[in-house]
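For reference, the structure is listed below as structure tokens.
Since the structure is predicted, the reported quantities are computational estimates derived from the model, not experimental observations. As a basis for the values below, the full set of heavy atoms in this structure was taken, side chains included, without hydrogen atoms, waters or symmetry mates. We count residues from 1, following the sequence as given.
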Amino acid sequence: MKLISICLVTAGILFCVEGSAQISFKTEYIGNSGYRYLPSGDGPSEKVGDSKGSAAVYQGIANIPFYMKKNENNRLTAWGVGIGGAYASLGNENFTSDIVSEIMNLQLGIFHLRPLNDKWSMMVSIGAGIYAPFTEFSKIRYKNVLGSAGVVFICHLNPSLDLGGGLAVNSSLGYPMVFPALYLNWNYESKFKVNISLGEGLELTAGYGFSDCFSLSLGAEMNGQMALLEKDGKDVMFTHQYIVAGLRPEIKFGKTGISMPFMVGINAYRPAYYSDRTLKGMFAMDNDFYFSVSPYASVGIQYGF
């Protein structure tokens, strides 16, 4: 779970390429719940005193191609820029030790997508981001900055399914480290709609389109933020991740390209923990701290053009 968390949080702009320009904003609220610790082994989780917390997350993404061209096989060649940002306000209560209370993530990347043949495409990106436990730009230092690059080879298995894999490199451990990179996009469109995508995060939806303007789905998402900082004289990483599920109505405003997805449900699992910026720290089993189940709600707006 921790390796997946690092790969998703630090991938940044790497896998959010689409065939058209897209802009999206989303606000999420995660309700109050107790903070718990899961000991290594098979023991049950334990409460961490009276510690508890909630979270409010605000995020936006813009993917803007500045060059697009389709070949004779309808495969796309594109160059573009991706910009992303997230702010998480953590409403922590009754903690006896220091814990991050806010996270700012800002990312900028350049991507290139090109066909290799009828069945395969290649996606390349390079970028950098700021991952800080504060919002004051004057406090940003080199340790809060993370660079990333990656290449993914995508197989177009059929018109509804793209599956790919490759390598991503980032400096989340303080030096360049290679991670596996995955890409998945499956979209079944009729009155019944199913979508599974793995890129910026993990998203699964299955529902019914009542009209061209309204659909209702069951959805599950996995997302998160990260802060790079110094604690007790060591460079550490604070990871905030959440897995949520619930009902997901979506309103589409005709042919304007604007839609508004909502979700009401539960936060099933919300890890929030420090780890050393080392390979050993990534797999450490003594920092499994998380917030328990709580209510969840979100509202977003998307524009594709």
Side-chain angles (χ1 to χ4, degrees), residues 1-16 24-31 33 35-36 38 53-61 82 84-92 99-107 109 127 129-135 144 146 148 168 170-173 177 179-182 184 197-204 219-229 236-246 263 265-277 281-284 287-298 300:
M1 176 64 72
K2 291 177 181 177
L3 180 59
I4 294 173
S5 170
I6 291 171
C7 290
L8 287 178
V9 172
T10 63
I13 301 299
L14 186 56
F15 307 123
C16 49
S24 65
F25 298 94
K26 183 163 72 169
T27 299
E28 303 171 275
Y29 176 74
I30 303 172
S33 62
Y35 193 56
R36 305 186 70 88
L38 184 64
S54 60
V57 181
Y58 311 91
Q59 54 185 322
I61 294 173
Y87 172 75
S89 175
L90 308 184
N92 303 319
I99 187 170
V100 169
S101 60
E102 63 177 352
I103 301 173
M104 178 182 69
N105 290 173
L106 299 173
Q107 300 133 352
I130 297 169
Y131 300 83
F134 47 75
T135 58
N144 306 122
L146 182 151
S148 64
N170 67 51
S171 57
S172 56
L173 303 184
M177 180 71 185
F179 295 95
L182 299 176
L184 169 65
S197 62
L198 175 63
E200 309 151 41
L202 176 64
E203 181 177 342
L204 304 90
E221 299 177 10
M222 177 178 175
N223 212 324
Q225 298 79 41
M226 181 182 68
L228 305 175
L229 65 151
V236 300
M237 177 189 315
F238 182 81
T239 300
H240 174 243
Q241 187 184 16
Y242 42 95
I243 300 174
V244 299
M263 183 182 282
I266 63 167
N267 153 58
Y269 182 58
R270 185 163 71 97
Y273 59 89
Y274 291 100
S275 58
D276 292 341
R277 291 183 67 180
M282 181 190 304
F283 295 100
N287 56 1
D288 202 350
F289 292 87
Y290 67 95
F291 292 95
S292 54
V293 176
S294 61
Y296 172 85
S298 70

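The nearest pair of heavy atoms linking Met237 to Arg277 is N-CG, 3.9 Å. For the pair Ile266 and Tyr296, the tightest heavy-atom approach, listed with the atom from each and the gap, is C-CB, 3.7 Å. Looking at every heavy atom in both residues, Ser101 comes nearest to Asn92 through CA-ND2, 3.8 Å. The two atoms that bring Pro133 and Ala227 nearest to each other are N-CB, 3.9 Å, heavy atoms only.
Gln59 and Gln225 form no side-chain donor-acceptor contact under 3.5 Å, judged by distance and modelled atom types alone. Of the N and O atoms on the side chains of Asn267 and Ser294, at least one donor lies less than 3.5 Å from an acceptor on the other residue.
Looking at Val100 and Tyr274, their side chains come closer than 4.5 Å, going by heavy atoms from C-beta outward. Here the side chains of Val57 and Tyr242 are in contact, with some heavy-atom distance below 4.5 Å. Between Gln107 and Tyr131, the closest side-chain pair of non-hydrogen atoms falls below 4.5 Å. Side-chain contact between Gln241 and Arg270: absent, with no pair of heavy atoms (C-beta onward) separated by less than 4.5 Å. Within the 4.5 Å cutoff, side-chain heavy atoms of Met263 are placed close to those of Val244. Taking 4.5 Å as the limit, some side-chain heavy atom of Leu146 sits within range of a side-chain heavy atom of Leu228.
To the nearest 0.5 angstrom, Glu102 atom CD is 4.5 Å from Thr135 atom OG1. Atom-to-atom distance recorded for Ile61:CD1 and Lys26:NZ is 8.5 Å, nearest 0.5 angstrom.
Under the 3.5 Å distance criterion, the side-chain polar atoms of Asn144 are left unmatched by any main-chain donor or acceptor of Leu229.
The aromatic rings of Tyr35 and Phe291 sit tilted relative to each other, their planes meeting at an angle between 30° and 60°.
The aromatic ring centres of His240 and Phe238 sit 6.0 Å or more apart.
Partners of Ser292 according to the side chain to side chain contact (heavy atoms under 4.5 Å, CB included) rule, which considers only residues two or more places apart in sequence or in another chain, are Ser33, Arg36. Under the side chain to side chain contact (heavy atoms under 4.5 Å, CB included) criterion, Ser89 pairs with Tyr87, sequence neighbours left out.
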Review point. Would Tyr269 and Tyr290 count as a ring-ring contact (aromatic ring centres under 6.0 Å, His included) if you check the C-alpha gap in whole Å, the side-chain angles of each, and the deciding distance to 0.1 Å?
Key: CA-CA 7 Å; Tyr269 182 58; Tyr290 67 95; 5.3 Å; yes
